[in-house]
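Since the model is a prediction, treat every value here as computed from it, not as a measurement.
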There are 2 protein chains.
Amino acid sequence: MKGIRQLAEHLDISIGTVSRALNGKPDVNEETRRRVLAAAEELGYVANQSGRSLRQGETKVIGLMIESSTEAVENADNFFIGVTSGLQSVFARHKLDLVMLPCPSDEDPHEYLKRIVARRIVDAMIISNMQRIDRRIDLLSRAKIPFIAVGRSLSPGNFPWIDLDFEGVADRAVERLVARGHRRIAITAPSSEVNLGYVFLESYRRALERRGIAFDPSLVIRVKSSEHGGYQAAHELLVLKERPTAVILIYELMAIGLYRRLMESGVMPGRDLAVIGFRDAPRARFLQPSLSCFRMSLYDLGIALGRTLLANMPAYRQFYPDDGRNVVWPLELVPGESDAFDPGTGEKEFEPERLSFDDRTVEF
Amino acid sequence: MKGIRQLAEHLDISIGTVSRALNGKPDVNEETRRRVLAAAEELGYVANQSGRSLRQGETKVIGLMIESSTEAVENADNFFIGVTSGLQSVFARHKLDLVMLPCPSDEDPHEYLKRIVARRIVDAMIISNMQRIDRRIDLLSRAKIPFIAVGRSLSPGNFPWIDLDFEGVADRAVERLVARGHRRIAITAPSSEVNLGYVFLESYRRALERRGIAFDPSLVIRVKSSEHGGYQAAHELLVLKERPTAVILIYELMAIGLYRRLMESGVMPGRDLAVIGFRDAPRARFLQPSLSCFRMSLYDLGIALGRTLLANMPAYRQFYPDDGRNVVWPLELVPGESDAFDPGTGEKEFEPERLSFDDRTVEF
DNA sequence: CTGAAAGCGCTTACAG
DNA sequence: CTGAAAGCGCTTACAG
């Protein structure tokens, strides 16, 4: 089966009628529609997207830009594939397809996006990994391509975004640690210009301030946002002259590297150092002792992103009258054992289970 | 800037000449070309892809289908993002763009692919997660869409694929373990119909046979190919009446869950049970004791996939005369500490470093 | 309810 | 070397 013309000839009707039948237009005889649908199904006809797009001026495709730099990939930890399901469940209602657009690591993200946008491959974009100043916002605004950003940016202009509640995370983490008596609380921060690093650090600083604790720049450990960065962060903590009694991590995977480096030095998270992680990545769930961290539903975030994006597209706005913009997405604390260390007594508050390899419960 | 017409009017020449200049056709005055290129750059003109595709009958887009079922996602562990870089480096030479097409988890992968193919969104496909019988092969062959599969399948017909060397992995793992005196060697296998499970299991069976060891079905542990599956696998190993002394894992992330469950029972990999893992996932690198496993370059695999795919596309075949099909991709053994256990003496061969939390090297 | 025709933005024989 | 024109496969006013 080639095109609509062949299908029309096969049915001995005009292509216009075939098109109308296929697209559910009301002014088609039901019997005709039935025949058309049956023939299309039988012959496996599906409209060529280029033809449709050219005529309609829209592609029915929405792009999710993914940075494939090593660091971004490490961080992602399936963040995007998780969000994807939620996005698709929204888009499916409107027969919109989602494609993930990986920016080659040797190409400038701005140039890549420019090319994709100019070629009109997609009707709208979802961008993430927002930088402190992110020129992509200006690019998309000028090109009048609807978009939504996963994350805020200092770049001027109003634009729709949804960001994680870094303020809430930092505040609750500090609150929890201070309640246990911690005063020297370190924090990790990304070494790049990614905006969330600034937001998180500023939130941490304010959380300390609210509790009358002076901000100490030496307790801000700048490392790559990766497992290896976590390893490095632990190393830097261990060599600090005045060591902190607690550390708050950014990025889900840092905890794994941090644990490893600490344990190499015989420092046990939750016993010798309180650790609070960020998002509970699937990988991190297997850490021992269990990590106190924050949880969110990637699926629900995907739905919110999808709805907010569509609410910003003229053709779909009507379906999402209540979906505005600029949501701060809450995360829920998942208490674990990693922050049980009490700096006052120098002891942990409770005995984490199954810590020692000698605590055998099955004879082998 | 809208279309080529506006650009042509601005330059006061015909759209045909603009098109030829932009597309590097030889029959264009160099001065004219220079002017066209400059104006396009200045006005930010890029050809509308739908127009091109419709006229040329090709989209210059290659799709990488991704299954977003929970299990597939868990397994992926950034496998695809790793391969993506290699693919893009090949495609970039031909101005081909790569898009990742995530199949919604509630949609049948076959139907999804059918829709994508029929809509002519891509010129060629890369498919993976091959099933024992995989109807997508037939679908793509019939539709005459060039494709390459990451993985073999029993489905009939010749088709290009590249698969990992499961035979080599199984054989070297068994060889290594047998050399250390193991006779009861368990293996994990996926509980699904994914073809690599069958290939791996058969390879393991033959590897045992070559060394005169009887195949024992009770030593085949069927679990989900995920961290949690690894956890379950360890559990099943622990309750076996006649316990194995070694286990070979499939899928990169299983090791993490397996380690956890073993340690909960005081069973130390490398000391009480020999463990050999599959691919050295970034996550698994942080395991203690270090995992003996197999390594490969995802980037190089991506390049090979890209070249082999293009060698199967009429328009690009000429550039890749030497790239055939059906490569079995080798993996390299990375010896670790996890298979140091000697079943004869019941002792490990060497003391894995930094195993005990009491082996402190830094005072805290 | 249906058909004939225009036209979306391109590329490419073809004529000059 | 350039321009005018055809046509890729659709959808959609428009006429009947």
Side-chain angles (χ1 to χ4, degrees), chain A residues 1-37 39-40 43-61 95 97 115 117-123 143 315, chain B residues 1-37 39-40 43-61 95 97 115 117-123 143 315:
Chain A
M1 171 52 46
K2 271 216 34 230
I4 197 171
R5 180 140 277 129
Q6 282 69 28
L7 182 57
E9 277 171 14
H10 177 258
L11 288 160
D12 202 26
I13 55 178
S14 74
I15 60 168
T17 301
V18 171
S19 174
R20 281 192 295 269
L22 254 19
N23 289 301
K25 303 284 170 180
D27 53 351
V28 178
N29 181 295
E30 271 314 313
E31 167 62 13
T32 309
R33 189 194 304 280
R34 208 192 44 67
R35 284 182 57 223
V36 172
L37 259 27
L43 302 175
Y45 171 79
V46 178
N48 176 310
Q49 189 56 39
S50 298
R52 296 191 88 160
S53 299
L54 189 56
R55 172 62 221 233
Q56 300 190 311
E58 57 181 22
T59 62
K60 299 281 185 183
V61 173
K95 305 211 174 203
D97 271 318
R115 200 176 88 237
V117 161
R119 283 176 67 188
R120 304 268 148 186
I121 289 174
V122 299
D123 292 341
Chain B
M1 173 52 45
K2 273 218 28 233
I4 196 171
R5 179 140 279 130
Q6 283 70 26
L7 183 56
E9 277 171 14
H10 176 258
L11 288 161
D12 202 26
I13 54 179
S14 75
I15 61 167
T17 300
V18 171
S19 174
R20 282 191 296 269
L22 253 22
N23 289 300
K25 302 286 173 179
D27 55 350
V28 178
N29 180 296
E30 272 313 314
E31 167 62 13
T32 308
R33 188 194 305 280
R34 208 192 44 69
R35 282 182 60 222
V36 172
L37 258 28
L43 301 174
Y45 171 79
V46 178
N48 176 311
Q49 189 57 39
S50 298
R52 298 190 85 159
S53 299
L54 189 55
R55 171 63 221 235
Q56 305 199 116
E58 57 179 24
T59 62
K60 299 282 185 183
V61 173
K95 304 209 174 205
D97 271 317
R115 200 175 88 236
V117 161
R119 282 175 67 187
R120 305 268 149 186
I121 289 175
V122 298
D123 292 340

Expressed as a whole number of angstroms, how long is the span from [X]:[atom1] to [N]:[atom2]?
{"X": "B:R20", "N": "C:dA13", "atom1": "CZ", "atom2": "P", "result": "11 Å"}
{"X": "B:L22", "N": "C:dT12", "atom1": "CG", "atom2": "C1'", "result": "15 Å"}
{"X": "A:D27", "N": "D:dA15", "atom1": "CG", "atom2": "P", "result": "15 Å"}
{"X": "B:I4", "N": "D:dG3", "atom1": "CD1", "atom2": "C1'", "result": "13 Å"}
{"X": "B:N29", "N": "D:dG3", "atom1": "CG", "atom2": "P", "result": "11 Å"}
{"X": "A:R5", "N": "D:dT11", "atom1": "CZ", "atom2": "P", "result": "12 Å"}
{"X": "B:I13", "N": "C:dT11", "atom1": "CD1", "atom2": "P", "result": "13 Å"}
{"X": "A:D123", "N": "C:dC8", "atom1": "CG", "atom2": "P", "result": "18 Å"}

Quick one: [atom1] on [X] to [atom2] on [Y], what's the gap to the nearest 0.5 Å?
{"X": "B:N23", "Y": "B:R52", "atom1": "CG", "atom2": "CZ", "value": "5.0 Å"}
{"X": "B:L54", "Y": "A:N48", "atom1": "CG", "atom2": "CG", "value": "6.5 Å"}
{"X": "A:S14", "Y": "A:R20", "atom1": "OG", "atom2": "CZ", "value": "6.0 Å"}
{"X": "A:I4", "Y": "A:L22", "atom1": "CD1", "atom2": "CG", "value": "6.5 Å"}
{"X": "A:R35", "Y": "A:D12", "atom1": "CZ", "atom2": "CG", "value": "8.0 Å"}
{"X": "B:S19", "Y": "B:K25", "atom1": "OG", "atom2": "NZ", "value": "7.5 Å"}

For [N] and [X] - does any side-chain N or O of the residue sit under 4.0 Å from the phosphate oxygens OP1/OP2?
{"X": "B:K25", "N": "C:dT11", "answer": "no"}
{"X": "B:T32", "N": "D:dC1", "answer": "no"}
{"X": "A:T17", "N": "C:dG3", "answer": "yes"}
{"X": "B:N23", "N": "C:dT11", "answer": "yes"}
{"X": "A:Y45", "N": "D:dC10", "answer": "yes"}

Counting Watson-Crick and G-U wobble pairs whose two distances are both under 3.5 Å, find the runs of 3 or more in a row that involve DNA chain D. C:1-3 with D:14-16, C:5-12 with D:5-12, C:14-16 with D:1-3

B:R5 atom CZ: more than 12 heavy-atom contacts under 6.0 Å: no

Do any N or O atoms from the side chain of A:D123 and from the backbone of A:T59 form a donor-acceptor pair under 3.5 angstrom? yes

Check: A:R120 side chain, B:Q49 main-chain N or O, donor-acceptor pair, under 3.5 Å: no

Begin with the C-alpha distance, continue with both residues' side-chain angles, and end with the deciding distance and a verdict on side-chain contact (heavy atoms from CB on, under 4.5 Å) for B:R115 and A:D97. CA-CA 10 Å; B:R115 200 175 88 236; A:D97 271 318; 2.2 Å; yes

Assess whether one donor atom and one acceptor atom, taken from the side chain of B:R120 and the base of D:dG9, lie less than 3.5 Å apart.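 It does not, because no donor-acceptor pair links the side chain of B:R120 to the base of D:dG9 below 3.5 Å.
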
Using a strict heavy-atom distance below 4.0 Å, which residues from residues 49-61 of chain B are in contact with DNA chain D?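 Close to the strand are B:L54, B:R55.
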
Indicate, with a heavy-atom threshold strictly under 4.0 Å, whether B:N48 touches base, sugar-phosphate, or nothing.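 Here B:N48 touches the backbone only, sparing every base.
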
